[in-house]
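For reference, the structure discussed in these notes is given below.
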Amino acid sequence: MRAFADLLDRLIYTRSRNAKLRLIGDYLRATPDPDRGWALAALTGAVDLPAVKPATIRALVDARVDPVLFRLSRDFVGDTAETVALIWPEPAMAPMATDPLNLAAVIDRLSQLSRADAPGVLGAMLDRLEADERYALLKLATGALRVGVSARLAKTAFADAFDLDVDAVEEVWHGLAPPYAPLFDWAVGRAPQPAVTDIPVFRPFMLAHPLEETQVDLADYAVEWKWDGIRVQIVHVAGETRLYSRAGDDITASFPEVAAGFAMPGVLDGELLVKGEGQGDRIATGGAASFNALQQRLGRKQVPARMLADYPAFVRLYDILFDGETDLRARDWTHRRARLERFAAVLDPARFDVSALIDAPDFAALEDLRAAARDAAIEGVMLKRRDSPYVAGRRVGLWYKWKRDPLIADCVLMYAQRGSGKRSSFYSDYTFGAWTADGELLPVGKAYFGFTDDELKWLDRFVRNHSIARFGPVREIEKSLVLEVAFDSIHASKRHKSGLAMRFPRISRIRTDKPAGEADTIAALERLAT
């Protein structure tokens, strides 16, 4: 655990992307198998230790430390794992001399535990470790490894460390399991690239750059609507179908009717939506329900029949990666579009349709269409170069996204909570509200980004100096600070007291110039709701 703890500690305090790549690469080259494979799995979120839950850790530390002292410390530190690691008492008797705990042995032991046995085994491990190792162990055990490293960054570091192409790594990644022995055998030259031919694996999505100030010649680009659902990839190989999210998570069980309707060998890219009205009204071919309707289905491992009937899902297809066993990614968009239309023609139309192309004679006309996207509850438009291959990640000049302008509201700061990881010492998560007609302030959203580092320090000081109540890690704030909040859309929601839920809210400005009483009202936000 020592080397892994050192890696995490350095990653937490390193901001530079290139420096993080070097740190991970150096670790992977210097660490033996299978520890390095498990470290890579941890950094990419592929370690699952179900026997250890946050409640297990809290009960464990309550038995060793005064519970009141622990909760006060947790409130100050802002992170459970860090608090436990620091406050954990030295054992009354020194542990018997044993070999140092290594990462693979820890994961192997914890993965075999029942929930009843987990506290005893985890406590014995913590007794043998130093504070930073305890922190690494607890983060690993709970799957909350937030050290500023995305799964893509970790894979890039692996590829760079062994002089491999990261897209080639992504190509086989989802067909392998931790600790990735075939991957490291390939990396060090002991074996060829792993084969994943009869497995419905995930392939990395092609992504788009924001258009921003760029203008393009529409003769070179095809234009489609940017629908407000979730991007998915649907794969059928060797008689098996899987549906993947943009992050590569298998969401097949959440949308069984979509998977059941796809039985042709191939790999398609599209937008997962729910049938209904709300999106695309009046301006687009083939509407859909709002994102709020889709949200009723997300994250469910089992979907009751009533929900299948009330929120029927379908995929609006954007692209085709494989037609049968034929890999089409190197072909240009025009060719792939023709193949997609032929492929989709024999699919169940209740579950699949092809995203319609927008006919805009020039860029000025497209600007007008994009401006109408908000009224139709569509996110914006996509521009795809007609000669572009399908490549993983973002490549400048190939695909652009031109989202509608965000909505803006002036809201009042109500509550603040400490962040996690690098932000665990700052109040960085902000809940804000709007006024009712009776003068009551109700929460309408929560945001934890959009501000600069200097603004974060200013907000943290404001929270500490204007707190009026504390609820564990949460502080209630004097209702005096107005925050300008940008958000993509707002929807009616029965789960919130205000009856509203914002999509992608972020703090765009601190309005010290505006009295809190002049902030926006619930009624004004309701008029923006879709």
Work out which heavy atom in [X] is nearest to a heavy atom in [Y]; give both atom names and the distance.
{"X": "R242", "Y": "T252", "answer": "CA-OG1, 3.3 Å"}
{"X": "G37", "Y": "F184", "answer": "CA-CE1, 3.6 Å"}
{"X": "A259", "Y": "I234", "answer": "CA-CD1, 4.5 Å"}
{"X": "L398", "Y": "Y221", "answer": "O-CE2, 3.6 Å"}
{"X": "V303", "Y": "A253", "answer": "CG2-O, 3.9 Å"}
{"X": "D35", "Y": "L103", "answer": "OD2-N, 3.2 Å"}

- Worked check of side-chain contact (heavy atoms from CB on, under 4.5 Å) between F162 and R29: CA-CA 8 Å; F162 297 102; R29 284 190 298 266; 4.1 Å; yes
Under 3.5 Å, is there a donor-acceptor pair between the side chain of [X] and the main chain of [Y]?
{"X": "T431", "Y": "K446", "answer": "no"}
{"X": "R404", "Y": "I378", "answer": "yes"}
{"X": "N292", "Y": "A492", "answer": "yes"}
{"X": "R339", "Y": "I320", "answer": "no"}
{"X": "R394", "Y": "A208", "answer": "yes"}
{"X": "T241", "Y": "H236", "answer": "no"}
{"X": "E257", "Y": "A313", "answer": "yes"}

Quiz: residues 39-54 side-chain donor-acceptor pairs under 3.5 angstrom, not counting sequence neighbours:
residue: T44; atom: OG1; partner: L40; partner atom: O; Å: 2.8
residue: T44; atom: OG1; partner: A41; partner atom: O; Å: 3.2

- Message: Check this for me, if you would: do D323 and R342 make a salt bridge, where the nitrogen-to-carboxylate-oxygen distance has to be below 4.0 angstrom?
- Response: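 Salt bridge flag = no for R342 with D323.
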- Query: Using 4.0 Å as the upper bound for N to carboxylate O, is an ion pair formed by E224 and R316?
  - Reply: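 Between E224 and R316 there is no salt bridge, as every charged N stays at least 4.0 Å from the carboxylate O atoms.
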Within 6.0 angstrom of [X] [atom1], more than 12 heavy atoms from elsewhere:
{"X": "D163", "atom1": "CG", "value": "no"}
{"X": "R331", "atom1": "CZ", "value": "no"}
{"X": "Y448", "atom1": "OH", "value": "no"}
{"X": "R109", "atom1": "CZ", "value": "no"}
{"X": "R306", "atom1": "CZ", "value": "no"}
{"X": "R386", "atom1": "CZ", "value": "yes"}
{"X": "D362", "atom1": "CG", "value": "yes"}

- Does NZ or CZ of R336 come closer than 6.0 Å to the centre of the six-membered ring of Y390, within 45° of the ring's axis?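 Checked: cation-pi criterion not met.
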- Euclidean distance, R203 CZ relative to Q233 CD, rounded to 0.5 Å: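 Answer rounded to 0.5 Å: 7.5 Å.
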- Task: Write out all pairs satisfying ring pair (Phe, Tyr, Trp, His ring centres under 6.0 Å) with one or both partners inside residues 354-378, taking only residues at least two apart or from two chains.
- Result: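 Counting only pairs at least two positions apart or across chains, the ring pair (Phe, Tyr, Trp, His ring centres under 6.0 Å) contacts touching residues 354-378 are F363-W402.
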- Task: Check step by step if side chain to side chain donor-acceptor pair (under 3.5 Å) holds for S16 and N18.
- Result: CA-CA 5 Å; S16 164; N18 288 336; 5.2 Å; no
- Task: Name all residues meeting the salt bridge (charged side-chain N to carboxylate O under 4.0 Å, His left out) criterion together with D160; count only those two or more places apart in sequence or in a different chain, and write none if there are none.
- Result: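 With sequence neighbours excluded, D160 shows a salt bridge (charged side-chain N to carboxylate O under 4.0 Å, His left out) to no residue whatsoever.
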- Task: Mind checking salt bridge (charged side-chain N to carboxylate O under 4.0 Å, His left out) for D167 and listing every partner two or more places apart, or none if nothing turns up?
- Result: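 D167 satisfies salt bridge (charged side-chain N to carboxylate O under 4.0 Å, His left out) with R152, R395 only.
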- Message: According to ring pair (Phe, Tyr, Trp, His ring centres under 6.0 Å), who are the partners of H174, at least two apart in sequence or on a separate chain?
- Response: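 H174 satisfies ring pair (Phe, Tyr, Trp, His ring centres under 6.0 Å) with F202 only.
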- Item | Partner set under ring pair (Phe, Tyr, Trp, His ring centres under 6.0 Å) for Y318, not counting sequence neighbours |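 Result, ring pair (Phe, Tyr, Trp, His ring centres under 6.0 Å) vs Y318: none returned.
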Do [X] and [Y] touch side chain to side chain, with heavy atoms closer than 4.5 Å?
{"X": "F255", "Y": "V232", "result": "no"}
{"X": "R385", "Y": "V216", "result": "no"}
{"X": "L383", "Y": "L366", "result": "yes"}

- Query: Relative to the ring of F352, is the ring of F262 parallel (under 30°), tilted (30 to 60°) or perpendicular (over 60°)?
  - Reply: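 Rings of F262 and F352: tilted, as their planes differ by 30° to 60°.
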- Message: Using the rule side chain to side chain contact (heavy atoms under 4.5 Å, CB included), only one of V106, T31, I107 pairs with W38; which is it?
- Response: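 When V106, T31, I107 are each tested with W38, the side chain to side chain contact (heavy atoms under 4.5 Å, CB included) holds only for I107.
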- How far apart are the C-alpha atoms of M206 and D319, what are their side-chain angles, what is the distance that settles it, and do they pass the side-chain contact (heavy atoms from CB on, under 4.5 Å) test? CA-CA 10 Å; M206 184 169 179; D319 216 317; 5.8 Å; no
- Message: Apply side-chain contact (heavy atoms from CB on, under 4.5 Å) to residues R231 and L207 and explain how you reach the verdict.
- Response: CA-CA 10 Å; R231 187 94 173 269; L207 304 175; 3.9 Å; yes
- Query: Among K497, H496, H491, whose side-chain hydrogen bond (donor to acceptor under 3.5 Å, both in side chains) with S493 holds?
  - Reply: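 Running side-chain hydrogen bond (donor to acceptor under 3.5 Å, both in side chains) over K497, H496, H491 with S493 returns exactly one hit, H496.
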